[in-house]
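Quick caveat, the model's predicted, so the values are computed rather than measured. Here is the naming used below: chain letters follow the sequence lines, and residue numbers restart at 1 for every chain.
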Protein chains: 2
Amino acid sequence: MMMAHAKISDEELFDGLITVFRTFGYEGATMSKLVEATGLERASLYHRFPGGKTEMACAVLECVGERFAENILAPLAKPGDPAKRVAKMAKRTKEFYVGGRLSCLLDTMSVGGDKEQIQECVSRMFKAWFDALQKVSMDAGFKAQEAKQRAEDALIQIQGALVMNRAMNLTRPFGRIMDDLPQLLTGKD
Amino acid sequence: MMMAHAKISDEELFDGLITVFRTFGYEGATMSKLVEATGLERASLYHRFPGGKTEMACAVLECVGERFAENILAPLAKPGDPAKRVAKMAKRTKEFYVGGRLSCLLDTMSVGGDKEQIQECVSRMFKAWFDALQKVSMDAGFKAQEAKQRAEDALIQIQGALVMNRAMNLTRPFGRIMDDLPQLLTGKD
DNA sequence: TGACTTTTACCGATCGTTCGGTATATTTGT
DNA sequence: ACAAATATACCGAACGATCGGTAAAAGTCA
C-alpha cells in the first residue's frame with residue numbers, strides 16, 4: 001500500500017529476531033544482539049515495534065505460531081491415515097528444530113517469566129499445539145480423554161528431548177522421540 | 001573450619017542463589033536479585049566467589065548436584081525392590097520441584113549457553129542423573145542398552161513435564177509423569 | 001593484634017529506550 | 001502535471017538506569 005522501501009522484509013526481520021530469542025531467551029536477547037542479527041539499527045527496530053523489546057518478543061511468538069501452524073500443524077488436519085499425518089508432522093518438526101540442535105522458543109521465552117504479556121502468548125501457543133495433537137489422536141480413534149493424555153505425552157517428550165539435547169549437547173534423543181511420535185499419538189499399544 | 005564471622009551459612013547462601021538461578025536462568029539472575037535473595041551485599045558475594053557470577057553459577061550447580069545425589073539419587077542405590085526405590089526417588093523429586101511449580105536448574109541454566117564452564121557443569125550434572133537412572137533400571141533386570149533408553153526416556157519426560165508446567169502454568173502433567181516413573185524404569189511393559 | 005567477613009562507595013560498560021533528523025515514497029492541492 | 005504536504009523507514013547519538021565488578025574502610029571474632 002504505502003511502503004517507503006523497507007531495508008529488509010518482515011520475513012527476514014523475524015528470521016533474525018526469532019534466532020536470537022530462541023537461542024538466548026527473553027532476558028538474554030539484548031538489543032545489541034537483535035541489532036546484529038537483523039541488520040537494522042536500534043532506533044529502526046523501535047520504529048517497527050514501538051512497544052519495545054516486549055512487543056518484539058510477542059510478535060516473534062505470534063510469527064512462530066503462524067509458521068508452525070502453516071508448516072507443521074497443517075499436515076495433521078489433512079485427510080488420510082492419521083499415523084502418516086503424524087509422520088509428516090514429525091518430519092517437519094525435525095527440520096524446524098534442525099534435528100534438535102535448536103531450542104524451543106516456548107521453553108527459552110518462559111524462563112524468568114515476569115512479563116505477563118509474554119507468558120500469556122507462550123501458553124496460548126502451547127495450547128494451540130496441544131489441541132492439534134489431541135485432534136489427530138482422536139482421528140486415530142481415541143476418545144477425548146485418552147487423546148488428551150497422548151497429546152500431553154507427545155508435547156512433554158518433544159520439549160524434554162529438546163532440553164536434553166541442549167543441556168548435554170546431543171542430537172540423538174530428539175530424533176528418536178520424533179520417530180516414535182506416530183506410535184505414541186495413533187498406535188494402539 | 002576456619003570461619004571467623006559469617007553473616008549467613010553456606011547453606012542459607014546457596015538457598016538464595018539457587019532460587020534466583022533456577023527461576024531466572026543465568027542471564028536473568030542479576031547481581032541485584034542475588035543480593036536481595038541472599039541478604040549479602042554485592043562485594044560480600046564477590047568475597048565468597050572471587051570468580052564472580054560465573055563461579056556462583058558453577059558453585060550453585062555443584063551444590064544442587066550434591067543435594068540431588070544425597071536426597072534424591074541415593075534411594076536409587078539402596079537395597080530392595082527397584083520399583084519401590086524409584087517410587088521413593090519420584091516422591092523426593094516431586095518435593096524438590098515443589099510439585100512441578102519450580103523449574104530445573106539444568107534447563108534454565110543451559111539457555112544461552114555461551115559460557116563454556118557452565119555448559120560443562122550442566123552436562124556433567126545431567127550425566128550423573130542419567131547414570132543413576134540407568135543403574136536402577138539395570139537392577140530391575142534390563143540389559144544395559146534397554147536400561148539406557150529407559151533412563152533417557154525418564155529424564156526426557158521429567159524435563160518435558162517441567163517445561164510444560166512452566167509454560168502453561170500447570171502442575172498436573174509433572175505429577176502424573178512422576179507417578180508413572182516406576183513403571184517406566186522398572187516395569188516390563 | 002591479626003585473620004577474616006562485611007560494607008560503603010564507586011567504576012566503566014552495557015542495558016532498554018528515546019530524541020532529533022535524513023531520505024524516500026505516497027498523497028494532495030492546484 | 002508539478003510542487004507542497006504528509007507519511008514511512010531508517011540512522012547516529014544520547015538518555016537514565018542497571019549491569020557485573022573492584023578498592024578500601026569498618027566491623028568482628030580468636
So that I can compare with my own list, what are the stems of DNA chain D, taken as at least three consecutive Watson-Crick or G-U pairs with distances under 3.5 Å?
C:1-30 with D:1-30
His47(B) side-chain N/O to dT5(C) phosphate OP1/OP2 under 4.0 Å
yes
Heavy-atom count check: over 12 atoms from other residues, nucleotides or ligands less than 6.0 Å from Asn169(A) CG?
no
Give the rounded distance in Å between these two atoms: CG of Leu45(B) and P of dG20(D).
11 Å
Should the ring pair Phe49(A) and Phe14(A) be called parallel, tilted or perpendicular, given that the plane angle runs from 0 to 90° and is split at 30 and 60?
perpendicular
Using atom CD of Glu55(A) as one end and atom C1' of dT17(C) as the other, report the distance to the nearest whole Å.
14 Å
Separation of dG16(C) atom C1' from Phe21(A) atom CZ, nearest Å, is 12 Å
Check the surroundings of atom NZ in Lys135(B): do more than 12 heavy atoms from other residues, nucleotides or ligands lie under 6.0 Å from it?
no
Are Tyr46(A) and dT18(C) close enough that a side-chain N or O sits under 4.0 Å from OP1 or OP2?
no
Nearest to the side chain of Leu40(B) - dT6(C), dA9(D), dC11(D)?
dT6(C)
Could you check how far CZ of Arg48(A) sits from C1' of dC11(D), rounded to whole Å?
13 Å
So does Lys53(A) get a side-chain nitrogen or oxygen closer than 4.0 Å to the phosphate oxygens (OP1/OP2) of dC15(C)?
no
Under the side-chain contact (heavy atoms from CB on, under 4.5 Å) test, residues paired with Glu36(B) that sit two or more places apart:
none
Using a 4.0 Å cut-off on heavy atoms, which residues in residues 25-36 of chain A reach DNA chain C? List them by number, or say none.
Ala29(A), Thr30(A), Met31(A), Ser32(A)
From Thr38(A) OG1 over to Ile18(A) CD1, what is the distance, rounded to the nearest 0.5 angstrom?
12.5 Å
dA9(D), OP1 or OP2 - any side-chain N/O from Ser44(A) closer than 4.0 Å?
no
Quick one: does Met164(A)'s side chain get under 4.5 Å of Leu155(B)'s, heavy atoms only?
yes
Please state how far atom CZ in Phe24(B) lies from atom P in dC19(D), giving the value in whole angstrom units.
12 Å
Is it the case that Ser103(A) and Arg166(A) place a side-chain donor and acceptor less than 3.5 Å from each other?
yes
Confirm from the modelled atom types if Arg42(A) and dG12(D) form a donor-acceptor pair under 3.5 Å, side chain to base only.
no
